[in-house]
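What follows is a short report on a single structure.
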Amino acid sequence: MGIEREAGNGRADIIMRRNDPRYPNIVVELKKSRSDDPEDLERMAEKGLRQIRTREYYRSLKGKTYLYGVCLQNKKAKVLFEEMGL
């Protein structure tokens, strides 16, 4: 898999492009919460997924693609997942 990292030019935080059609592409958008509130973690993880969809970070990817919105706060994490069959 090829990996890209965000460089401030409108890409997701992590994009893993599959080299083998048996495996999916993976797009990850990371967010950080300053709150211990579980609802805030959920809200920020959803914001990450929404950002992936809105900016179409998956546009150049072919085949099955997994989208992950991840919110971190100290040792807590909330991960939301969505599968796209492009």
Side-chain angles (χ1 to χ4, degrees):
M1 282 190 169
I3 298 177
E4 296 179 21
R5 296 191 187 275
E6 185 171 6
N9 60 0
R11 290 191 300 219
D13 290 316
I14 301 170
I15 297 175
M16 292 185 275
R17 297 175 190 277
R18 67 187 188 160
N19 292 330
D20 185 326
R22 295 176 295 170
Y23 301 104
N25 300 295
I26 297 173
V27 180
V28 181
E29 182 63 35
L30 302 169
K31 299 293 181 189
K32 185 173 181 183
S33 174
R34 297 179 196 266
S35 170
D36 275 337
D37 181 6
E39 289 181 17
D40 189 54
L41 291 173
E42 177 95 18
R43 187 172 39 255
M44 294 298 287
E46 175 56 43
K47 182 178 179 182
L49 269 180
R50 194 169 45 252
Q51 183 175 334
I52 293 169
R53 290 188 304 264
T54 301
R55 296 185 182 176
E56 297 182 337
Y57 293 148
Y58 50 81
R59 187 177 337 153
S60 66
L61 304 174
K62 304 291 185 227
K64 186 184 293 185
T65 301
Y66 294 160
L67 312 179
Y68 291 91
V70 179
C71 182
L72 306 167
Q73 196 282 325
N74 292 329
K75 292 185 177 184
K76 295 179 182 178
K78 179 66 178 184
V79 179
L80 297 179
F81 165 83
E82 190 173 297
E83 180 179 339
M84 298 187 75
L86 299 173

Heavy-atom closest pair, residues K31 and E29
NZ-OE2, 3.7 Å
Rounded to the nearest 0.5 Å, what separates atom CG in L41 from atom CD in Q73?
6.5 Å
So do D13 and V70 actually touch side chain to side chain, heavy atoms under 4.5 Å?
no
Residues which pass side chain to side chain contact (heavy atoms under 4.5 Å, CB included) with L67, listed by chain and number, not counting sequence neighbours:
V27, L49, I52, R53, Y58, T65, E82, M84
Nearest 0.5 angstrom please: R18 CZ to K62 NZ, how far?
10.5 Å
Salt bridge (Lys or Arg N to Asp or Glu O under 4.0 Å) partners of E83, counting only residues at least two apart
K64
Please enumerate all residues that pass salt bridge (Lys or Arg N to Asp or Glu O under 4.0 Å) together with R34, with sequence neighbours excluded.
none
In this structure, OG of S33 is separated from CD of E42 (nearest 0.5 Å) by 12.0 Å
Using the ring-ring contact (aromatic ring centres under 6.0 Å, His included) criterion, which residues pair with F81? Sequence neighbours excluded.
Y66, Y68
Tell me the closest heavy-atom pair linking C71 and M44, and the distance in Å.
SG-CB, 3.4 Å
Residues forming a side chain to side chain donor-acceptor pair (under 3.5 Å) with N74, sequence neighbours excluded:
none
Can you name the nearest heavy-atom pair linking L72 to A77, along with the distance?
CD2-CB, 3.7 Å
Checking R50, E46, K47 against L80 for side-chain contact (heavy atoms from CB on, under 4.5 Å), the one that qualifies is E46
Would you say the side-chain atoms of N25 pair up with the backbone N or O of R17, donor to acceptor, closer than 3.5 Å?
no
Partner set under salt bridge (Lys or Arg N to Asp or Glu O under 4.0 Å) for R43, not counting sequence neighbours
D40
